[in-house]
Every structure is written in C-alpha cells, then in structure tokens.
> 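Once you've had a glance at the structure underneath, I'll fire off some questions.
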Amino acid sequence: MPELPEVETIKRALSASLVGKQFRGLIIYDHKPLCGISPEEFRRRLIGQRIKSIGRSGKYLLFNLSNDDRLIIHLRMTGALLLNPKKPERFTRVIFSFNDNSRLVFTDVRRFGVMRLVKSESDVIGDLGVEPLSKEFTPELLAKLLAGRRAPIKAVLLDQTVIAGIGNMYADEALFSAKIHPTTPSGKLSLSQVNALHQAIRRTLTKAIRSGGASVSTYRLPDGGIGTAHFDFRVAHCGGRPCPKCKTEIQRIKIRNRSSYYCPKCQKL
DNA sequence: CATTGTCCCTGGAAGC
DNA sequence: TGCTTCCAGGGACAAT
C-alpha cells in the first residue's frame, strides 16, 4: 500500500529516469483511472509534453509538464509504476512511452488508482494537510491540529486534510512508537504525548524512506525491486504476534472500518 | 465544521 | 479439490 515513504521512493526513482523526457505514446487498456477524461483528450494533451520535474504531495505523484499542465497520479491500494519492465505485467492499465523508447507501465490489480491531467494542481491536492516531513510540521502545529477533536487519534492521522501522506501502516507504527492507544480522543493527548507522536511520525516515515518503503501487498519500486521497511514493522500487520517490547499479543481492532494493530500493554488508554 | 459509515474493486487467503 | 466468504484499505461521498 503506497503511503508517503513508498510514494517518495517512487518519486526519486522516476525523477532520476524520466526528467527531461518527452511523452511520445500512450496505450490505455483501462480508461477507469482517467476519471472521466476521454482517452483521446488525455492523449492529445499529453503527447509531446516534456517532464520538467516530478514532485510529491502526500501520497500524490506530480509530473510537472512543459506546458505547465500537471499529470497527477495516485496509486491508492495496489497501483504501481514500473520502468521498462522486462516481462508483460498481468494488470497493466496504461503504458506511457517516451522519446528515447523508454516506457512507464501503470499496473493496478484493484483499479482504485487514478491519474488526472490538470492545469491547476489545487483542484486535486488543494485540501491536503501539512507535509509531515516539512519544517512547517512542528510539535506546536500538531498540538494545534489535534486540539478540540474528539475523533480517535488513529482516524485523525489517516485524515489527509490534517496531515498528508500517513496511511494505515505508518499510523499504527507511529502510535506504537509514541506509546499511544489508537482510540485515544485526539484532543485528549497530553503535551508530552503530542511531542512523542510528532517525533514518532517523523522518525517512522524517515526510516521507511531509507528502506525504500514497505513491500506489503503489491508495492514495488519502479525497477521491480521491493522495499524493506516492512521488516521493521513492530505492530502493523502483526496481529497475534508478540509485542517486540513486552511480548504481549498484538491486538487488532477496527477503527472506522480499518484494521488497527497495537500492543494493549505498551499503548494504554 | 467535525465525524462516521458506505462504496468502489479484485485476488488471495481462510474456512468448510 | 472446489466452493464460498472474508479481507485488504485510500479517498470520494453522503449522512448525521
């Protein structure tokens, strides 16, 4: 499941390979990811454009094009972007080709992934919250964002309009690091808990980026390789296993219909 | 506005 | 072995 560290890893790999290249061809096997834009219009607007730079906001990849359009891609659950794959991919939805014959293949088993071609990126990512690895994201800002909220902290961490880029896996990992129970009402966190959570979020994400992201589910790097961040998971997807700190069995509960994993002894309400 | 629940989507795992 | 059911979860959207 691509979250901030995975998307950042993909962004870096694609930047190194694609910046400066010009879109030459487009094969659309499935128009669902285009979100209503016709394949003809998508092709007309994209072909001939050069990639000036590639950025990331939250879990969105932003391709800045020479005509100042933006190609915005969200991989959602199972999307992947592969550079020049050697074998045909089973769930290929779109293939981009470039002026140097290189190819970028968009695959997506579950078809949740989307790609938008827009003039103004704020139409797509305008409501995103603060970037958790930016200077702007301070303990004071986190405290302000959580103050007065009654929703469980886990739910707020997943709200992309509050903080951009944290998904289910890293929310669980950060809460374990900060020793906070996932159902704690956000506004009830103490100052020291907020400080611990702030540090946990930054450390968890930074470390995961260094590991190239977590290859649970279908996540792959553009070269087809896998990330290793999931080997460091202490609670995420670890239901039933012993807590690495106290050996208590990791519990799984549902919060807003999402699985939350936590240690009932290390993360008390 | 804040919060919560439902839907989308499909393959793989689990259960019988 | 083969069928059915459950499960994964980001984000749009509707409802409260």
Side-chain angles (χ1 to χ4, degrees), chain A residues 1-8 10-11 29-37 56-62 72-81 89-94 106-116 118 121-129 131-132 142-175 182-189 205 208 213-220 229-230 233 235-241 250-262:
Chain A
M1 275 70 73
E3 304 180 23
L4 187 153
E6 289 74 32
V7 180
E8 178 66 22
I10 293 166
K11 185 209 88 175
Y29 297 97
D30 179 9
H31 65 257
K32 184 172 185 286
L34 308 185
C35 305
I37 298 185
R56 177 194 61 75
S57 279
K59 301 172 195 170
Y60 291 85
L61 278 169
L62 313 172
I72 302 183
I73 298 181
H74 197 303
L75 300 170
R76 296 279 183 96
M77 306 291 300
T78 55
L81 290 166
E89 289 292 325
R90 186 170 167 200
F91 301 107
T92 297
R93 306 295 174 194
V94 177
F106 172 67
T107 71
D108 191 6
V109 175
R110 266 174 249 173
R111 305 173 72 213
F112 282 3
V114 293
M115 42 185 69
R116 308 274 306 270
V118 295
E121 66 183 31
S122 64
D123 295 347
V124 180
I125 61 169
D127 289 336
L128 283 183
E131 281 287 327
L142 180 59
K144 198 172 143 194
L145 291 170
L146 301 181
R149 288 179 186 268
R150 287 179 298 274
I153 183 61
K154 173 68 184 286
V156 174
L157 289 179
L158 294 180
D159 185 339
Q160 302 301 296
T161 68
V162 179
I163 303 170
I166 300 175
N168 206 35
M169 304 182 295
Y170 295 109
D172 281 352
E173 288 300 307
L175 287 170
T183 63
T184 310
S186 303
K188 291 270 173 76
L189 291 178
L205 296 176
S215 281
V216 301
S217 186
T218 57
Y219 167 74
R220 280 181 293 167
H230 53 297
F233 283 172
V235 291
H237 298 175
C238 296
R241 304 228 297 266
I250 301 298
Q251 300 294 305
R252 188 181 87 178
I253 57 172
K254 289 273 184 183
I255 299 174
R256 305 227 351 231
N257 267 334
R258 302 275 186 269
S259 284
S260 280
Y261 299 91
Y262 72 104

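Chain letters run A, B, ... following the sequence lines, proteins first, then strands; residues in each count from 1.
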> Take the protein atom CG of A:D127 and the nucleotide atom P of C:dA12, then report the distance between them rounded to whole Å.
8 Å
> Just the rounded figure in Å: distance from C1' of C:dG11 to CG of A:L75.
14 Å
> Only counting residues at least two apart or in another chain, list the ones meeting side chain to side chain donor-acceptor pair (under 3.5 Å) with A:K59.
none
> Tell me: CG of A:D123 to P of C:dG11, nearest whole Å?
17 Å
> For A:L146 and B:dT3, give me the distance from atom CG to atom P, rounded to whole Å.
10 Å
> Under 4.0 Å between a Lys/Arg side-chain N and an Asp/Glu carboxylate O for A:R220 and A:E89?
yes
> How far does CG of A:D30 sit from CZ of A:F106, to the nearest 0.5 angstrom?
8.5 Å
> Is any side-chain nitrogen or oxygen of A:R90 closer than 4.0 Å to OP1 or OP2 of B:dT10?
no
> Ignoring hydrogens, what is the shortest heavy-atom contact between A:L158 and A:A171? Give both atom names and the distance.
CD2-CB, 4.1 Å
> Please report the end-to-end axis angle for the helix from B:dA2-C:dT16 to B:dC16-C:dG2, five pairs per end, rounded to 10 degrees.
50°
> Using a 4.0 Å cut-off on heavy atoms, which residues in residues 253-262 of chain A reach DNA chain B? List them by number, or say none.
A:R256, A:N257
> Can you tell which of B:dC9, C:dG10, B:dT10 lies closest to the side chain of A:K32?
B:dC9
> What's the closest nucleotide to the side chain of A:R76 if the choices are C:dA8, B:dG11, C:dG11?
C:dG11
> Between C1' on C:dG10 and CE on A:M169, what's the gap in Å once rounded to a whole number?
12 Å
> Heavy atoms only: give me the nearest A:I166-A:L157 pair and the separation to one decimal.
CB-O, 3.6 Å
> Counting just side-chain N and O atoms, does A:H74 come under 4.0 Å of either OP1 or OP2 of C:dG11?
yes
> For A:L128 and C:dG10, what is the distance between atoms CG and P respectively, to the nearest whole Å?
14 Å
> Tell me: CE of A:M77 to P of B:dC7, nearest whole Å?
17 Å
> What do you reckon, are the aromatic ring centroids of A:F91 and A:Y29 less than 6.0 Å apart?
no
> Would A:F112 pass as stacked on C:dG10, i.e. its ring centre under 5.5 Å from the base's six-membered ring centre and planes under 30° apart?
yes
> Please work out which residues in residues 147-164 of chain A have a non-hydrogen atom less than 4.0 Å from an atom of DNA chain B and list them by number.
A:R149, A:R150, A:A151, A:P152
> Rounded to whole Å, how long is the line connecting atom CD1 of A:I166 with atom P of C:dG10?
11 Å
> Atom CD1 in A:I73, atom NZ in A:K11: separation rounded to 0.5 Å?
14.5 Å
> With no hydrogens and no angle check, just 3.5 Å: does a side-chain donor-acceptor pair link A:T78 and A:D108?
yes
> Could you list the residues that satisfy side chain to side chain donor-acceptor pair (under 3.5 Å) with A:E121, not counting sequence neighbours?
A:R70
> Check whether any side-chain nitrogen or oxygen of A:H237 sits under 4.0 Å from OP1 or OP2 of C:dG9, and answer yes or no.
yes
> Knowing that exactly one of A:V114, A:L61, A:V7 qualifies, which makes a side chain to side chain contact (heavy atoms under 4.5 Å, CB included) with A:H74?
A:V114
> Once you round to the nearest 0.5 Å, how far does OH of A:Y261 lie from NZ of A:K154?
9.0 Å
> If the condition is side chain to side chain donor-acceptor pair (under 3.5 Å), which residues does A:T183 pass it with, not counting sequence neighbours?
A:H181
